[in-house]
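Numbered from 1 within each chain, the chains take letters A, B, ... in sequence-line order.
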2 protein chains.
Amino acid sequence: MSDTKIRNMEEFSAISGLSRPTVSKYFHDPESVRASTRAKIEEALERYDYRPNIFAMNQNRKLTKNVGIVVPLLSDPYFAEIARNLEQRCLDAGYRPTLFSAHGDPELEVEVLNTLRSMKPAGVLLAPLGRASQTRELKKFCDDIPTLIFDSSVDELGLAFVGSDNMQFTTHISDYLCRTGEPPCFFEMKTPANPNAHRRRQSYLNAMESFGHTPQVISIAGEGWSFEEIGRTGGHEALKSKQFGTNTILCSNDRLAIGLLTACYEQGVVVGRHPEAAIRIAGQDGHPHSRYTCPPLTTISHDYDAVSKHAAEALFAAIEGHVEPWKSTRLEGKLILRDSA
Amino acid sequence: MSDTKIRNMEEFSAISGLSRPTVSKYFHDPESVRASTRAKIEEALERYDYRPNIFAMNQNRKLTKNVGIVVPLLSDPYFAEIARNLEQRCLDAGYRPTLFSAHGDPELEVEVLNTLRSMKPAGVLLAPLGRASQTRELKKFCDDIPTLIFDSSVDELGLAFVGSDNMQFTTHISDYLCRTGEPPCFFEMKTPANPNAHRRRQSYLNAMESFGHTPQVISIAGEGWSFEEIGRTGGHEALKSKQFGTNTILCSNDRLAIGLLTACYEQGVVVGRHPEAAIRIAGQDGHPHSRYTCPPLTTISHDYDAVSKHAAEALFAAIEGHVEPWKSTRLEGKLILRDSA
DNA sequence: ATATAAATTTTACGCGCGTTAATTTTAGGC
DNA sequence: GCCTAAAATTAACGCGCGTAAAATTTATAT
C-alpha cells in the first residue's frame, strides 16, 4: 500500500493506466468493463486506497445507490432488529443504506422524510408511525420517491406493503388460548400508537364470536410509545379493580405484556400455565425480549427474516425497473409456546 | 406555498431578491447576514420549499455539517437510547447526524469507518467495539477525523473520552450489597465483548478486599453479544453445580442479570430482598429494560443524559476550534434500588 | 450631511465526477 | 491478415454550490 494520496478520479485513472470515463464506468458497475480493465483497476485499488467522492458522484447521477430505512422507534428492539436485517440486505445488494428513526414523533418523521428527499435515494423502506395526520405528507413523499411500506400499512401508499398478518396473529393465538384454558380477554391501549392494534382488536372480537365466547376488551389509558410503563400502570389498575373477567389475558403486543407481567409480579399475582398460577398472559410480536421475561412470554412472532426479505426484494425489484401493481403481502406469524400461557 | 419548483440556489436567490453568494452565506450560517436579508430569505423559504443540494454543498466545503454516530450494537436498547440522545443533540446544534451500528462485528465497524470517511464528517461520536485487533484501524481514523470516543475507552485515542466511571459503578453497588446482606459474588462472561467488563471485575475485587471479604468470580462461557442468552445458560449451569458461594450475585451488566433472572425463574429459585427469597441479584448499567424484570432489577445506572451531553458538547467544541488536550471524563452512576437486591 | 464600517453584489473560477459524442484501439472469429 | 463489434480514449460540457476579490450599496455614528 503506497501512501501517496490520490486526490481524485483523474489521478487514480492515471496511475491505473486508464482514462477517467472508463474508471467512472467501473465504479458505476464493475461488470461493465472488460475483465482485463477490471483487473488493472482492482490492482491499483490494492495499492492506493482511493474512493470516489460520494458527493460529486451523487450530484449528477439521476439515481443514487442510497436507500433510506425509516422506523418509528429505534429504541424498540423489534424495530432495531428488523432495521438491522434490512440494512444487511441493502448492503448485500450493493446499496448504501442509511438508518433513520422518527423516535415516536410525527414531526420528526416528516423531518426525516425531508432529509431523505435531499439524499435523492434510489428507494426507501418505510415503517410509518401511522398517524392519520401525516398521511398527506407521506403521500407526497411516496409520489416522488420509490417507497416500500412495511410493518404497518397506510392506505395503498407507495410501491407495495409488506408486513405481518395481524388478523392471523390474533386469530391463531386466540385459538390456542381457547383450546387450552379459559377464553382470553384482550388487553390493549385505548389510543394505540400503532395502527396494527386496531386489526388485532377486531380479530380478537371475530375469533371470540366464532368460538361462541363473550369477548372482553380492557382498554387502558396512556399516550406515546412507553408501552411497558403503560402496560404496568394499566395492569395495576385493572388488577386492583378486578377488571379481568377471565384468568387469561391476551395482550395487544409483547411490550404491553411485559409491563403487565411486572404489574402482576408487583401485586403477587402468579402468572403461568401450571396449576398454582392465577392467570395466563400472552403477547403478540415475538419481541426479542419476550424469551427473558419471568415467566417467559407465550407469544406469536413476526417472521422477521421473511418480512425483511420480502420488503427488501420488492424494493430492489422496483428500483431496477420491474413495475408491478400495488400489492399487500401479509406474512403469517409463528406461535411460540412458553410458560406464561 | 407556490408549487413552481426551484431548481437551484440561483433561482432561489432570484425570487428572494438577493444574490446567490448572500443566500449561500445564509445557509452556511443564518446569523451571518443582516436581519432584513434573513427575513427576505425566510419569507421566500415559506413560499417555496427550496433546500440546497447537499451533495453540491458538501463537495467543496472543507468542513461539512455531518456528524457520525457509531455504536457497537444498535439492537441493545442501552446503545439505542444513548444514540437517540446524541442524535437529538446534534440536530439541536445544527449538525446532520448519521447513525451507524457495527452490529457487534469488528469487520463491519471498519466498513462503517470507511463509509464515514467518505462523508467528510465534521466529527464523529464513536463507541468502539473495543477489539484489540481493530485499534490500528481505529487510530488511523482518529488521526484523520475529529473523533470523540464514548462508552468504552481505547488507549488515548481521539479528541477525548467520555463515559461512565465503571470503577465507581462497581464499588458503589458492591458497597450497597455488602451493607445490606451477604457480600456478593461476581457474575461475568469469561471473554467479555465489552472492555468495560474488565474494569468492573477489578473494581469488584478491590471493593471486596477493602471490605475484608473474600471475593468470588464466576466467569461463564459464551461469545458474542447475546448477553441475555449467555447469562441464562451460564446461570443454569452455575445454579445446578452450586457455584454461587453466597446468596448475593452482582452481575457484570444488566443484560447478563436479565438472563440470570430467567434461569432462576426456570429453576424455581426465588429472587429478591424479602425474607422468603433465596438469592439477591443486582446488575449494572441501568438498562432501559431493568425496570420491567421480575423482580425489577436493582442496578447502578449510567447517567445517560450527562454522558451524551458531555460527549456531544466536547465534540462540538473541538469542531469549532477549541483545542484541548486529550482528556478522560468518567461520570458517576446512580444506584437504583428495586426488588431484586 | 459626511465618514466609515459592514453588508451585499458582481464576476469568475474551481470542485470531482457524470455523461455524451466522436474517434481510436482492441479482441476475437473467420 | 482482415473484418467487425465491443471497448476504451479524447475532448468537452454541465451539475449546484463554495469561495475569493473587487466594486458597490447600505446602515450607523458623528
Show the atom names and distances, to 0.1 Å, of all donor-acceptor pairs under 3.5 Å that link a side chain in residues 139-148 of chain A to residues at least two apart or in another chain.
unit_1, atom_1, unit_2, atom_2, d
Asp144(A), OD2, Arg117(A), NH1, 2.3
Thr147(A), OG1, Ile145(A), O, 2.7

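For Asn58(B), there are no side-chain hydrogen bond (donor to acceptor under 3.5 Å, both in side chains) partners, not counting sequence neighbours. Checked against side-chain hydrogen bond (donor to acceptor under 3.5 Å, both in side chains), Glu320(B) has the following partners two or more places apart in sequence or in another chain: Tyr95(B). The side chain to side chain contact (heavy atoms under 4.5 Å, CB included) search around Ser164(B) returns Phe169(B), His302(B), Val307(B), not counting sequence neighbours.
The closest side-chain donor-acceptor pair between Asn8(A) and Asn53(A), if any, does not fall under 3.5 angstrom. Between the side chains of Ser19(A) and Thr22(A), at least one donor N or O sits under 3.5 Å from an acceptor N or O.
Scanning DNA chain C 5' to 3' for nucleotides with an atom closer than 4.0 angstrom to a non-hydrogen atom of chain A gives a first and last hit of dG16(C) to dA27(C).
Between Arg84(A) and Glu81(A), at least one side-chain N (NZ, or NE/NH1/NH2) sits under 4.0 Å from a carboxylate O, which counts as a salt bridge.
The aromatic rings of Phe27(B) and Tyr50(B) stand perpendicular to each other, their planes meeting at an angle above 60°, with 30° marking the opposite boundary.
Within the 4.0 Å cut-off from OP1 or OP2 of dT10(D), not a single side-chain nitrogen or oxygen of Ser19(A) is found.
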Contact state string [nucleotides 17-29 of chain D, B base, S sugar-phosphate only, - no protein heavy atom under 4.0 Å]: BBB------SS--
